[in-house]
Amino acid sequence: MASRLALAACLTAFALAGAASVVAATPGSTPSRAQATAATKHIRSSSATTTKSTATDPEAPIPVAASDTPPVGRRLTSNRVLEIAGALPKMRAVRARYRGSYGGAYLKGPARWQVSYFSKRGKEIGQVIIADYTGHVMEQWTGFQIAWSMARGYPGAFGRHVNALYIWIPLCVLFFLPFFDWRKPLRLLHLDLLVLLSFSVSLAFFNHGRIYASTPLVYPPLVYLLVRMLVIARVGKRPRPARPAGIATGPRSPEDGLGRPDGFGASPVHKPAPEPSARMPIRLLIPAPWLAVGVVFLVGFRVGLNITDSNVIDVGYAGVIGAQRIAHDRPLYGGYPSDNEHGDTYGPVNYETYVPFQQMLGWSGRWDELPAAHAAAIVFDLLAVALLFLLGRRVRGPGLGIALAYAWVSYPFTLYALESNANDSLVAVLVLAALLVASSAPARGVFAALAGLTKFAPLALAPLLWTHGLGGLEPWRRARGLALFAVAFVLTAAVVSIPALTHDSLHTIYERTLAYQSDRESPFSIWGLYGTPPTPPILGYLQAAVQAAALALALSVAILPRRPDLVGLGATAAAVLVAVQLGIDHWFYLYIPWFFGLVMLALLGQFSWSWSDDRAEPSGSARSSQLAAA
C-alpha cells in the first residue's frame with residue numbers, strides 16, 4: 001500500500017509540475033491580383049503545416065514571377081518549370097476537373113522548384129516538385145496528399161529506422177513467441193496477439209503512401225479488439241454470486257475490484273469465495289525470469305535507439321513550445337510558430353508535463369533535436385513499463401507483471417511512439433495509473449482528470465472510473481465514493497487549468513482544441529478518406545451512429561454489471577477507448593498505445609500465473625504430506 005501511494009503521489013506531482021509574393025501565371029492563364037495573393041497565403045500556410053524543420057523554414061516556397069530568365073543561382077526558369085509540370089498527365093487530369101485553374105512557380109530550397117495549381121476559389125489542387133539542375137520531376141501530388149505530407153510515404157517520417165524490416169519483424173517475433181503454446185496452437189490468445197500485430201499490414205501500406213489501402217485496414221482489428229474486450233469484461237452479465245467464506249476486517253483485496261472506493265478506514269466485509277471454475281494456467285515458451293532479462297535488454301535498446309536514431313514529430317515539438325510558454329507566463333493557446341501552427345490542440349496537462357524537461361534541457365526556439373522532447377518520451381515509456389509491472393503483480397503476481405512489461409517493450413507500436421517522441425505514451429501512463437489506484441475513489445478522480453486533460457479522448461473513461469467498485473456497498477458509502485471522485489476530479493481539473501485560463505478564455509481554448517479537431521479533414525479515417533463530396537451523406541450518418549454508440553457504451557458501462565476485478569476494469573476501459581477511436585475523424589498508429597496496456601492486462605490476466613513454469617511437479621507422497629498438513 002505504501003509503495004502504491006508513493007507511486008501515485010509521484011505521478012500526480014509530476015503531472016502537476018508545470019501548473020505553477022507574386023504568383024507566376026501559367027501560359028495561357030493569368031490570375032488576378034486577388035487570386036495571386038490568396039495562392040501565396042495558401043502555399044505559406046500549407047508549407048507551415050506540412051514541413052517539419054525549423055521556425056524559419058529554409059524549405060518554405062518562395063514565389064517567382066513568370067520569366068524566361070533564371071533566378072540567380074538557378075538553371076531553370078519559372079516558365080520552364082511551369083511547362084514541365086503542365087505536361088504531366090496527372091496535372092492535366094486534375095486541371096481538367098477544375099476549369100479556370102491556374103498555376104504558379106516557387107523556389108523550393110536551394111536546388112528544387114515547386115509548381116502549385118489552384119482552383120478558381122484558391123484551393124490547391126496539384127503540386128509538383130522539380131529538380132533545378134536536371135529538370136527531373138521528383139514528386140507530384142493531388143488530393144489530400146498535398147496538405148498531408150505525412151500521407152506521401154516519406155521514409156522514416158515517423159520513427160526513422162524503427163520502420164525498417166530488420167527491426168520491425170524481429171520485434172513482432174519477440175512479442176509473439178514467448179506466449180505461443182505449441183501444445184494448443186489454436187488457443188484464442190494466439191489470435192489476439194496476431195490481431196495486435198496486424199496493424200503492421202496497414203502501416204506497411206502507409207509507409208508507401210498507399211492511404212486508400214492503409215486506412216481501411218485499421219478497422220478490422222479495432223472492431224475485433226472491441227468485441228474481445230467486451231466479452232472478457234462480461235459487460236451486461238451479472239457476476240456469479242459468491243458464497244460467503246467468513247468475515248474479514250479491512251478493505252478488500254484490490255484485485256477483486258470491490259474494495260472500499262473511498263479509500264478510507266476499514267470495515268467488516270464478506271470475502272468472496274473463489275470462482276467455481278479455476279483459471280487456466282498460462283504456458284510460456286520462455287520462462288518469466290528470462291522474460292525479465294529480456295525486459296532489461298529491450299529497455300536499453302529502446303532508449304539507445306531513441307537517443308541515436310529518432311525524430312521529434314510535431315506532437316513532441318508542441319509539448320516543448322507549450323512548456324516554454326507556461327514557464328514564461330505566456331498564453332498557452334494561440335500564436336504558435338508557423339511550422340507548428342496548430343500545436344496547441346491538446347489539453348493543458350500535456351504541456352505541463354513537458355515543463356520539467358524543458359526547464360532542465362532548455363529549448364533553442366527552433367525545431368531542432370529538441371532534447372526535452374526526447375527525455376519526456378523516454379520517461380513516459382519507462383513509466384508505462386513500471387506501471388504495467390505493478391498492475392500485473394497486483395492482479396496475478398510478479399509473473400504477470402514481468403509478462404506485461406515485456407509485452408510493452410517488445411511490441412513494435414510502442415517503440416513507434418517512442419521513436420517519434422510523441423506524447424501518446426503519456427495517455428497510457430495516466431490511464432494505467434488510474435487502474436493501479438482503482439481502490440481509491442479520490443485517486444481515480446485525480447488520474448481520470450489528468451488523462452482527460454492530456455488528450456481529450458480519455459474523458460470517456462470518467463463514468464466507468466466514477467462508479468467502479470461501488471457494487472454491493474451500502475448507499476451512504478456509495479454516495480461518499482461518488483462524491484469523493486467528483487470532488488477530486490473537479491479540483492484536479494481546476495488546478496491544471498490555471499496556466500491556460502490565466503491568459504485564455506474558455507472560448508479560445510475550445511476553438512483551438514476541440515473545435516479544430518472536429519473540423520479538420522483527415523484521410524487517416526474512413527470518415528475523412530471517403531466522406532468528402534461527392535460522397536453520399538450516408539457515411540456521415542454512419543459516423544454519427546458510431547460516435548453515438550461509443551458515447552452510449554461509455555455511459556452504460558458505468559451502471560451495467562460487469563466483471564468487477566482489475567482485469568474486467570482494464571478490458572472495459574480498453575473497449576471504451578477503442579470505441580471512441582472507431583468514430584474519430586483523425587486516427588493514427590500512435591493511438592494504439594492508449595489501449596495496448598489495457599488489452600494485454602485483459603488478455604493475460606485471464607490465466608493463472610506462477611513465477612516459473614519449469615517448477616517440478618510435486619510427487620505423490622509430497623502431495624499426500626501437503627494434504628495431511630492441511
Shortest non-hydrogen pair, Pro593 vs Ala428, comes out as O-CB, 3.3 Å
Do the side chain of Thr502 and the main chain of Ile498 share a donor and acceptor less than 3.5 angstrom apart?
-> yes
Is the closest side-chain heavy-atom distance between Asn163 and Leu203 below 4.5 Å?
-> yes
Side-chain donor-acceptor pair present, Asp314, Trp367, cut-off under 3.5 Å | no
Side chain of Thr215, backbone of Ile526: donor and acceptor closer than 3.5 Å?
-> no
For the student: nearest non-hydrogen atoms of Tyr336 and Gly322, plus distance = OH-CA, 3.5 Å
Please round to the nearest 0.5 Å and tell me the distance separating atom NE2 of His208 and atom OH of Tyr154.
-> 15.0 Å
pair Tyr351-Gln324: side-chain heavy atoms closer than 4.5 Å = no
Does the pair Glu511 and Tyr333 meet the rule for a side-chain contact (heavy atoms from CB on, under 4.5 Å), with working shown?
-> CA-CA 10 Å; Glu511 289 294 327; Tyr333 293 94; over 6 Å; no
Which atom pair, heavy atoms only, marks the closest approach of Ala573 to Leu461?
-> O-CD2, 3.6 Å
Taking His503 for the side chain and Pro499 for the main chain, is one N or O donor matched with an acceptor at less than 3.5 Å?
-> no
Taking the side chain as C-beta and beyond, is there a heavy-atom pair between Leu196 and Phe596 under 4.5 Å?
-> yes
Smallest heavy-atom separation, Asn311 atom then Gly159 atom, equals OD1-N, 3.0 Å
Flag the pair Ser310 / His374 as yes when at least one side-chain heavy-atom distance between them is below 4.5 Å, and no otherwise.
-> yes
Aromatic centroids of Phe413 and Trp168 separated by under 6.0 Å | yes
Within a reach of under 6.0 Å around CH2 of Trp466, are more than 12 heavy atoms found that belong to other residues, nucleotides or ligands?
-> no
Among Gln547, Arg520, Gln543, which one satisfies side-chain hydrogen bond (donor to acceptor under 3.5 Å, both in side chains) with Asp585?
-> Gln543
Separation between CG (Asn340) and OH (Tyr317), nearest 0.5 Å, reads 6.0 Å
Any side-chain heavy-atom pair of Trp587 and Leu222 under 4.5 Å | yes
Is the backbone of Ala574 close enough, under 3.5 Å, to the side chain of Trp594 for a donor and an acceptor to pair up by distance?
-> no
To the nearest 0.5 Å, atom CG of Leu453 lies from atom OG1 of Thr492 at 9.0 Å
Test item: Ser518 side-chain N/O and Ala515 main-chain N/O as donor-acceptor pair under 3.5 Å = yes
Arg160 and Ser420 side chains, donor-acceptor separation under 3.5 Å = no
Got a second to check how far Leu582's CG is from Leu577's CG, nearest 0.5 Å?
-> 11.0 Å
Mind checking whether Phe588 and Phe158 have side chains closer than 4.5 Å, heavy atoms only?
-> yes
How about Glu139: does its CD atom have over 12 heavy atoms from other parts shown lying under 6.0 Å from it?
-> yes
Leu418 versus Ala377, closest heavy-atom pair with distance | CD1-O, 3.5 Å
Short question: side chain of Ser149, backbone of Gln145 - any donor-acceptor pair under 3.5 Å?
-> no
Run the side-chain contact (heavy atoms from CB on, under 4.5 Å) check on Phe301 and Val409 step by step: do they pass?
-> CA-CA 9 Å; Phe301 168 74; Val409 297; over 6 Å; no
Is a side-chain N or O of Arg444 found less than 3.5 angstrom from the main chain of Leu465, in a donor-acceptor match?
-> yes
What heavy-atom pair brings Ile313 and Ala157 nearest, and what distance separates the two atoms?
-> CG2-O, 4.0 Å
Hey, do the aromatic rings of Trp148 and His586 have their centres closer than 6.0 Å?
-> yes
Roughly how far apart are Ile125 CD1 and Tyr98 OH, rounded to 0.5 Å?
-> 6.5 Å
Parallel, tilted or perpendicular: rings of Phe485 and Phe489 (30°, 60°) | parallel
Please lay out, stage by stage, how Val128 and Gln114 fare under the test side-chain contact (heavy atoms from CB on, under 4.5 Å).
-> CA-CA 6 Å; Val128 182; Gln114 174 178 314; over 6 Å; no
Is the backbone N or O of Phe144 less than 3.5 Å from a side-chain atom of Glu521, with the two atoms forming a donor-acceptor pair by type?
-> no
Any side-chain donor near an acceptor of the partner, Asn350 and Lys455, under 3.5 Å = no
Nearest 0.5 Å please: distance from the CZ atom of Phe380 over to the CG atom of Leu430.
-> 8.5 Å
Would you confirm whether Ser116, through its side chain, and Glu124, through its main-chain N or O, come within 3.5 Å as a donor-acceptor pair?
-> no
Are any non-hydrogen side-chain atoms of Tyr516 and Arg512 less than 4.5 angstrom apart?
-> no
Would you check if Leu305 and Glu419 make a side-chain contact, meaning some heavy-atom pair closer than 4.5 Å?
-> yes
Can a donor-acceptor pair be found between the side chains of Tyr346 and Gln517 at a distance below 3.5 Å?
-> no
May I ask you to decide if Ile378's main-chain N or O and Asn306's side chain share a donor-acceptor pair within less than 3.5 Å?
-> no
Worked check of side-chain contact (heavy atoms from CB on, under 4.5 Å) between Arg302 and Thr414 = CA-CA 10 Å; Arg302 291 160 70 95; Thr414 60; 3.2 Å; yes
Under the criterion ring-ring contact (aromatic ring centres under 6.0 Å, His included), which of Phe206, Tyr411, Phe524 is the partner of Tyr589?
-> Phe206
